[in-house]
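Contents: one structure, followed by commentary.
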Amino acid sequence: MIAYPPEPWRIKMVEPIKATTREYREQAIRDAGWNPCLLRSEDVAIDLFTDSGTSAMSDRQWSALLRGDEAYAGARSFYVFEAAVRGFYGYEHVIPVHQGRGGENILSRCLIRPGTHIPGNMYFPSTRAHQELNGATFHDVIVDEAEDPQAALPFKGNVDLDKLRAVIAEFGADLIPYVSLAATVNMAGGQPISVANLTEVCELAHAHGIPVFLDTARAVENAWFVKQREPGWGDRSLAEILLALCAPTDGAVMSAKKDSLANIGGWIGLRDPVLAEQARGLVLLYEGLHTYGGMTGRDMEAIAAGIAESVDEAHMGARIAQLEYLGGRLDAEGVPIIHPIGGHCVCVDATAALPQIPRTRFAAQTLAAAVYVDAGIRGVERGGVSAGRDPVTGENRFPPLEFLRLAVPRRVYTRAHMDVVADSLIRVHRERDRITHGLEFAYEPDHLRFFQARFRPVSGSSIW
Ligand SMILES: *Cc1c(COP(=O)(O)O)cnc(C)c1O
């Protein structure tokens, strides 16, 4: 038996889940161009497409909504929000944005010039897209083991300092506007970075006059792994570790839809007052006034309350235990998953699960369609489709990892739901020989193509 501690909450409001038949789901996924992203959510039984903005708010967050001050300028709710971000993340200048990518747009526009280079611990689609739109080239400097699904390292999100040194030596600090770090690393399967490594990266970058910006979307989940795994941190609170992760960095971009248990929102946190003024100027153009940045007053209240809840150890412990339960069941039945199990998702290694499907036929996208048809479960492809094309050569990029990500929303699903997910994946994996061909593009968008792409089975009218 895999441990499943009781959730530290009880359910106060419920949302019905529609029952569907296999025939219904086959038609639905065909109509959606074999892309689960294009399904209607009411046709999905268990939605593990993302943990972004899909978490359940607490009674405290719902009551905070009623305190929202909807003044256009200088709303009280902004100051509540600013105090929470300053207090828990430690950045002096807090600039609200409508969600993470709004912050990525602004930071990229402030700092990137064409022909520059950005090193980082693995790319994130929207982060790299904004960097590339502004003319930079991204360089992955994550440790090699991040690309090996079986390498059970405690900190697979760490930067390989030699790789970072090599990028600095090759292009020179003048052409590196900043280092782009993430905690945890989503595209490696939610893998953490250690405080020690993050601090060393900042020391190295700062020695060359290069600032470091942290993607804090899941920094509290990262803090949980630091507490469990990094020597010297076991007795510290998540709040203390979160501050320690942010302390050596020059700023952060945050999607409050992740750790902060909100349905929308984000912020940029900065220390440099000049950069902060420049960023506020762009927020006015792209997001909204610098005291709401595209959010309502009530959004900012919900985020402030959510930040405080996110560092609660009972909350985070239950969240991670739920993922370990799901991953543990898959592991026990031989379904290949990425190890160790990450902070927000369980990732099924699609190249190992469906070796008969070549990379050009998108094994993870094919597996995503199969588990939807099997049990109405929606996951997301993280592999060749998500990686897109090289902006210079126009060729498809095939990253080393090709996986189906099952991202678990916070405080939403129960153990029985996790069992449905595990049972379905175990079944599909057992019957994997029936999946004889993959998918090809029927429509391919220019940017972040995984969201809106349409596919067709390479032969026949179905994938299995
Ligand atoms: C979600 C996410 C973003 C983008 O944030 P949005 O709120 O979706 O715009 C950036 N980085 C990471 C690591 C994320 O998970």
Side-chain angles (χ1 to χ4, degrees), residues 37 48-55 85 89 95-109 118 120-133 138 140 142 146 156-157 159 178-193 198 212-223 225 245-246 249 251-269 283 286-288 293-295 299-300 302-303 306-307 310 319 323 342-345 347 379-382 386-387 401 403 405-410 447-448 450-452:
C37 190
L48 307 184
F49 185 76
T50 178
D51 62 326
S52 179
T54 54
S55 296
V85 176
Y89 292 84
I95 302 165
V97 292
H98 79 284
Q99 62 181 88
R101 71 199 66 183
E104 292 169 345
N105 174 37
I106 306 252
L107 193 71
S108 302
R109 282 176 181 268
I118 309 241
N121 53 349
M122 209 174 258
Y123 83 99
F124 182 75
S126 64
T127 314
R128 185 176 67 184
H130 282 292
Q131 292 163 353
E132 289 177 347
L133 273 174
F138 180 81
D140 193 354
I142 202 165
K156 274 170 99 172
V159 167
Y178 60 94
V179 175
S180 177
L181 288 186
T184 58
V185 181
N186 196 330
M187 301 301 279
Q191 303 295 334
I193 180 170
L198 190 148
V212 178
F213 292 95
L214 183 63
D215 184 327
T216 43
R218 298 185 187 80
V220 186
E221 288 168 8
N222 199 108
F225 291 117
L245 286 165
C246 296
T249 68
V253 174
M254 176 68 176
S255 168
K257 305 174 71 171
K258 319 289 168 58
D259 272 348
S260 302
L261 298 155
N263 299 125
I264 194 72
W267 46 264
I268 306 170
V283 161
Y286 291 104
E287 300 286 306
M295 289 183 284
D299 294 330
M300 293 189 278
I303 294 168
I307 290 173
S310 71
R319 166 159 182 70
L323 290 163
H344 67 294
C345 58
C347 299
V380 70
E381 191 262 10
R382 284 304 190 214
S386 294
L401 293 178
F403 58 85
R405 188 189 73 179
L406 305 164
V408 181
R410 300 162 188 80
H447 298 292
L448 300 180
F450 54 96
F451 281 130
Q452 289 177 296

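Atoms within each ligand, like the ligands themselves, are counted from 1 in listed order.
Within 4.0 Å of ligand 1, counting heavy atoms only, the contacting residues are Gln99, Gly100, Arg101, Glu104, Phe124, Ser126, Asn186, Asp215, Arg218, Ser255, Lys257, Lys258.
The nearest pair of heavy atoms linking Gln131 to Phe138 is OE1-CD1, 3.4 Å.
Counting only distance, with no hydrogens or angles, the side chain of Arg405 and the backbone of Phe49 share a donor-acceptor pair below 3.5 Å.
Applying the side-chain hydrogen bond (donor to acceptor under 3.5 Å, both in side chains) rule to Glu287 yields the partners His98; only residues at least two apart in sequence or on another chain are considered. Residues meeting the side-chain hydrogen bond (donor to acceptor under 3.5 Å, both in side chains) test with Asp299, sequence neighbours left out: Thr296. Looking at residues two or more places apart in sequence or on another chain, you find no ring-ring contact (aromatic ring centres under 6.0 Å, His included) involving Phe225.
For the pair Lys258 and Asp215, the salt-bridge criterion is not met [side-chain N within less than 4.0 Å of a carboxylate O].
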